[in-house]
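Quick notes on the structure that follows.
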Amino acid sequence: MSDAHLTRPARPPAGPAAPPTHLAPPPVPLMDPRRVYDAWGAAAEGAVLDVLRGHTYVRGPQVAALEAEFAARVGVSEAVAVDSGTDALILLLREVFEAAPPERREVIVPAFTFVATASAVVHAGGRPVFADVHPDTQNLDAASVRDRLTPATAAVIPVHLYGAPADMQALERVLPPGPQRPVVIEDAAQAVDACVEDRQAGALARAGAFSFYPSKNLGAAGDGGMVTTSDPALAQALRALRDHGQGARRYEHPRVGTNSRMDELQAAVLRAKLPHLGAWTEARRAVAARYVEAFAGTRVVPQRVLPGHASAWHLFTVRVPDREPLVRRLADGGIACGIYYPIPLNRQACFEAYEPDPCPVAERLAGEVLSLPCFPGLTGPEQDRVIEAVLSVPGLA
Ligand SMILES: Cc1ncc(COP(=O)(O)O)c(C=O)c1O
């Protein structure tokens with residue numbers, strides 16, 4: 001996820017510096033990984049050094065241990081580490097297509113998500129079909145999925161956007177039974193630690209795809225991803241695909257694979273962070289709960305989390321009727337914010353050839369959403385400043 005769209009606090013105009021009349025408070029970032037480094041940094045530094053001195057950089061014990069620990073946390077029997085969330089989706093879709101007749105290559109994805117959800121479909125050899133989202137949850141709208149289903153639909157990818165689980169039950173209800181039933185793959189890239197009742201994201205469908213991009217709730221020191229599933233045959237196929245399609249014997253390749261292995265250094269870093277993830281998620285939940293309370297009854301509408309669902313609050317996102325004055329007010333107050341996502345995927349030039357249907361809700365949301373600072377280590381006074389700035393915009397309180 002590129003940071004190019006982030007709105008940063010306004011810079012002072014260039015020119016001779018005037019003597020300060022008052023000291024401006026320090027900027028409030030949208031996210032700040034430095035604030036939790038003390039919790040895991042020393043362990044990671046030690047583990048990285050061990051990997052360097054051990055000289056096993058790929059196919060080693062760190063990746064195997066991370067897979068076991070991650071599977072246990074998500075509550076599935078298998079986790080397959082790969083080198084990005086995008087590759088997790090691509091390899092999963094390749095398996096879906098391998099098992100489907102060649103005329104079934106459509107994959108329904110939400111129009112309101114990061115581009116990788118849909119570009120993975122193209123890379124795997126499929127055709128992305130864009131469904132609309134629900135205005136309150138900003139997640140896939142089951143009714144829109146029902147409208148897009150055809151005999152060519154091989155899979156549906158609900159995204160747990162901003163860390164909030166999509167409505168999987170509503171989705172299951174609109175899918176046809178029997179052999180025509182599309183495979184459901186969770187895009188849980190933003191949703192590590194999110195859950196529905198006592199089941200974690202990544203354990204809610206046939207398989208889940210996670211991203212460890214550095215800004216994610218569980219971020220690597222580079223790129224990384226994971227597939228979760230309780231289907232051992234699927235996991236075995238993915239392990240082969242990520243390693244050049246190698247079969248049981250070395251240099252025997254029954255299928256064309258790729259190189260999508262996670263390396264030992266990334267696994268070591270992720271293992272040092274994993275024990276702290278629960279506390280970080282709780283910290284995000286506390287920040288989010290305070291925002292929800294502060295904005296209740298105002299025209300600032302937070303993403304709706306469904307009953308029984310717990311968001312991982314990768315991003316705390318609100319909708320406002322007129323975004324520009326709020327963006328300006330935050331910038332003036334030294335508060336960073338982000339817009340995820342300013343262009344819905346059905347309007348992206350790269351998918352024009354697939355002739356997407358209109359997705360009016362996604363198109364509206366692209367002009368209304370705004371993400372506020374929400375991360376472990378955000379202080380109470382910083383959050384006070386954010387809330388005060390938001391509610392000081394005329395017409396919002
Ligand atoms: C919803 C979603 N899907 C897929 C991805 C792709 O993950 P990665 O950047 O690890 O390839 C991301 C990453 O930002 C994402 O947010």
Side-chain angles (χ1 to χ4, degrees), residues 1-6 30-31 33 66 70 79-94 107-124 126 128 130-131 133 137-140 155-166 184-194 201-202 204-205 207-228 242 258-263 266-267 269-270 273 303 311-317 338-345 348 350-351 362 365-366 369 371 374:
M1 181 163 54
S2 145
D3 290 344
H5 54 290
L6 294 187
L30 184 61
M31 44 189 85
L66 176 69
F70 199 80
V80 182
V82 290
D83 75 358
S84 70
T86 306
D87 271 9
L89 287 167
I90 293 173
L91 298 188
L92 271 170
L93 286 164
R94 281 197 53 190
V107 178
I108 300 178
V109 298
F112 199 56
T113 175
F114 183 59
V115 66
T117 314
S119 56
V121 177
V122 176
H123 283 296
F130 298 96
V133 294
T137 63
Q138 284 113 58
N139 273 326
L140 199 54
V156 183
I157 309 183
V159 177
H160 306 312
L161 196 69
Y162 311 138
V184 177
I185 292 171
E186 297 170 69
D187 183 337
Q190 303 183 2
V192 63
D193 250 11
L204 302 173
F210 289 86
S211 164
F212 303 128
Y213 181 79
S215 67
K216 293 291 193 283
N217 293 19
L218 179 64
D223 280 303
M226 189 76 83
V227 173
T228 52
R242 75 173 171 189
T258 185
N259 177 357
S260 185
R261 297 180 298 254
M262 178 185 283
D263 64 62
Q266 294 308 335
V269 168
L270 289 165
K273 293 178 94 172
Q303 180 189 26
S311 177
W313 297 108
H314 171 56
L315 292 166
F316 185 88
T317 304
I339 293 170
Y340 305 93
Y341 297 92
I343 306 174
L345 299 191
Q348 292 284 1
C350 64
F351 300 125
L365 287 174
V369 291
S371 300
C374 178

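Numbering of ligands and ligand atoms starts at 1, following listing order. Keep in mind that the numbers below use all heavy atoms, side chains included, and drop hydrogens, waters and symmetry copies.
For Gln190 and His160, the side-chain atoms include no donor-acceptor pair closer than 3.5 Å. For the residue pair Asp187 and Thr117, a side-chain donor N or O sits within less than 3.5 Å of a side-chain acceptor on the partner.
Contact atoms of ligand 1 toward Ala189: 2 (C), 3 (N), 4 (C), 5 (C), 12 (C), 15 (C) (distance under 4.0 Å to a heavy atom of the residue). Below 4.0 Å from some heavy atom of Thr86 lie the following atoms of ligand 1, by number and element: 6 (C), 7 (O), 8 (P), 11 (O). Listed by atom number, the atoms of ligand 1 under 4.0 Å from Ala116 heavy atoms are 4 (C), 5 (C), 6 (C). Atoms of ligand 1 found under 4.0 Å from any heavy atom of Thr113, numbered from 1 in the order shown, are 1 (C). Heavy-atom contacts of Lys216 reach the following atoms of ligand 1: 12 (C), 13 (C), 14 (O), 16 (O) (cutoff under 4.0 Å).
Between the OH atom of Tyr341 and the OG1 atom of Thr113 there is a distance of 5.5 Å, given to the nearest 0.5 Å. Rounding to the nearest 0.5 Å places SG of Cys374 at 9.0 Å from CG of Leu30.
A donor-acceptor contact shorter than 3.5 Å links the side chain of Gln266 to the backbone of Ala221. With hydrogens and angles ignored, the 3.5 Å screen pairs a side-chain donor or acceptor of Gln303 with a backbone N or O of Thr137.
If you look at Leu161 next to ligand 1, there are no close heavy atoms at all, none under 4.0 Å.
Residues Asn139 and Pro158 are not in side-chain contact: their nearest non-hydrogen atoms beyond the backbone lie 4.5 Å or more apart.
Annotation: Gln190 places an N or O atom under 3.5 Å from an N or O atom of ligand 1; distance criterion only. Residue Gly85 has at least one N or O atom closer than 3.5 Å to an N or O atom of ligand 1. Annotation: Asp187 places an N or O atom under 3.5 Å from an N or O atom of ligand 1; distance criterion only.
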